[in-house]
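Heads up: numbering here begins at 1 and tracks the sequence.
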Amino acid sequence: MIRRLLYFFWILPLYLGFITIQQITVHFGTLQTYERGVSIAADVTDFDIKQIAAQSNGYVVITFPLPDGNQTERKLSLSIQMAQRIIDTQVIPIRYLEDSWQPIVMIPTYELQKSTSFLNAIIALIGFIITITAAIFATKYIHTSKQENMDIQIERV
C-alpha cells in the first residue's frame, strides 16, 4: 500500500515539465513581442515595491493607447531588479503585440526579462530531468517489489 503512494511522485516531474514549457513560451513570447511589437509610450499610474522578509517584488500599473486607438490599463508584476530600472520613470517605452504569449515588453527591462525567463526554463528543465529519473527508479522499485511479493513458496511438511 505504501509503495503505491510512490506513484504520486510522478506529479513533481509533470509539474516541472509544465513550468519548463510555460517559461519557454514566455521567453519566445518576449522575443516575438520585442521584434514584431508596436512601440508605445506608456504612462505609469501606480508603482509599488513590496519587501517581505527575504523576498522583494513589486508591480507597476501602466496606461497606454492600443493600436486601434482605445486606451488600456495593465498591472505588471516586477522583480526587484526590474523595478530598480524603472523606479523613477513616469513614461516607460514598451513594445506591444496583442497575439503574443507575452503581449507587453518594457524596453528598459527587456534584457533582464529575456534572461530571467531563459534561466527559469533551464532550471526547471534540470529539475524535470532529475525528478523524472527519480520517478522512473521509484516505478521500477514498485514493480520489482510487487514481483517479489508474488513469488509462491511451497513448503513440504
Nearest-0.5 Å distance that lies between atom [atom1] in [X] and atom [atom2] in [Y]:
X    : Y    : atom1 : atom2 : value
Y34  : I94  : OH    : CD1   : 13.0 Å
S100 : R95  : OG    : CZ    : 12.5 Å
I126 : T20  : CD1   : OG1   : 9.5 Å
L78  : M106 : CG    : CE    : 4.5 Å
L14  : F128 : CG    : CZ    : 7.5 Å
Q32  : L97  : CD    : CG    : 5.5 Å

Do [X] and [Y] belong to the same hydrophobic cluster, where Ile, Leu, Val, Met, Phe, Trp and Tyr are linked whenever their side-chain heavy atoms lie under 4.5 Å apart, directly or via other members?
X    : Y    : result
V44  : L76  : yes
L31  : I122 : no
I87  : I62  : yes
M82  : Y96  : yes
F118 : I21  : no

Tell me the closest heavy-atom pair linking S117 and Q23, and the distance in Å.
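Smallest heavy-atom distance, with atoms named: CA-OE1, 3.5 Å.
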Return the minimal non-hydrogen interatomic distance between I19 and A124, and the atom names on each side.
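Smallest heavy-atom distance, with atoms named: CG2-CB, 3.8 Å.
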Run the side-chain contact (heavy atoms from CB on, under 4.5 Å) test on I136 and F9 for me, step by step, so that the C-alpha distance in whole Å, both residues' side-chain angles and the decisive distance to 0.1 Å come before the verdict.
CA-CA 10 Å; I136 290 169; F9 191 79; over 6 Å; no
Which is it for W10 and I132 under the side-chain contact (heavy atoms from CB on, under 4.5 Å) test, yes or no, and what are the steps along the way?
CA-CA 7 Å; W10 280 97; I132 202 157; 3.7 Å; yes
Decide yes or no for [X] and [Y]: does some side-chain heavy atom of the first lie under 4.5 Å from some side-chain heavy atom of the second?
X    : Y    : answer
T131 : Y15  : no
E98  : P103 : no
I92  : P108 : yes
Y59  : D46  : yes
F47  : I86  : yes

Assess whether atom CZ of F64 is packed by more than 12 heavy atoms of other residues, nucleotides or ligands within 6.0 Å.
yes
Flag, side chain of T116 to backbone of Q113, donor-acceptor distance under 3.5 Å
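No; judged by distance alone, with no hydrogens or angles, the pair does not exist.
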Judged by atom type as modelled, is there a donor-acceptor pair below 3.5 Å linking the side chain of T33 to the main-chain atoms of Q102?
yes
Given the rule in the side-chain contact (heavy atoms from CB on, under 4.5 Å) test, do V60 and T89 qualify, once you have shown the distances and angles that lead to the verdict?
CA-CA 11 Å; V60 63; T89 309; over 6 Å; no
